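As structure tokens, the structure follows; a few thoughts come after it.
We count residues from 1, following the sequence as given. Treat the numbers as computed from the prediction; the structure is a model and nothing was measured.
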Amino acid sequence: MENAGIGWIAAIIIGGIAGWLAERFMKSDMGVLMNIVLGIVGAFVANLILSLVGVSLGGWLGYMIAGFIGACILIAVARAIRR
């Protein structure tokens, strides 16, 4: 989050939105708190994966995209583990 240039409050808001969008896209029902966690952790996971292939996303929009991608990945992994 420090590299993205956003603060903790913005990270929570953007993470919540990204988690909510991923929840709707993946047709899941997680709740508000889990959406925030998914968005923030998802952004970290997606930025890690994207950095391995040389892609760097920054700023609010980049954090939102990374959060959405990462949250979708985390939801898919959770579904695979549950089955």
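- In this structure, L38 and A71 approach most closely via the heavy-atom pair O-CB, 3.7 Å.
- Side-chain contact between I13 and I36 is absent, with no heavy atoms from C-beta onward closer than 4.5 Å.
- D29 CG to M34 CE: the interatomic distance, rounded to the nearest 0.5 Å, is 11.5 Å.
- The hydrophobic cluster containing L50 also contains L61, counting ILVMFWY residues as joined when their side-chain heavy atoms lie under 4.5 angstrom apart, directly or transitively.
- Note that CD1 of I40 and CH2 of W8 are 7.5 Å apart. Values are rounded to the nearest 0.5 Å.
- Note that CZ of F25 and CD1 of I69 are 10.5 Å apart. Values are rounded to the nearest 0.5 Å.
- E23 places no side-chain N or O within 3.5 Å of a backbone atom of N35 that could act as its donor or acceptor partner.
- Of all the heavy atoms in W60 and I14, the pair that sits closest is CE3-CD1, 3.1 Å.
- One distance of note links CE of M30 with CZ of R24; it measures 11.5 Å at 0.5 Å rounding.
- Within the model, atoms OH of Y63 and CG of N47 stand 8.0 Å from one another, a figure rounded to the nearest 0.5 Å.
- Annotation: the span from I75 atom CD1 to K27 atom NZ amounts to 11.5 Å, rounded to 0.5 Å.
- V77 and V45 end up in the same hydrophobic cluster when Ile, Leu, Val, Met, Phe, Trp and Tyr side chains are linked at under 4.5 Å.
- When hydrophobic clusters are built by joining Ile, Leu, Val, Met, Phe, Trp and Tyr residues whose side-chain heavy atoms come closer than 4.5 Å, directly or via intermediates, M26 is not grouped with L33.
- Under the 4.5 Å side-chain heavy-atom criterion for ILVMFWY residues, no single connected hydrophobic cluster contains both L52 and F44.
- The two residues A66 and A46 come nearest to each other via the heavy atoms O-CB, 3.1 Å.
- Nearest heavy-atom pair, A18 versus G67, reported as atom, atom and distance to 0.1 Å: CB-C, 3.7 Å.
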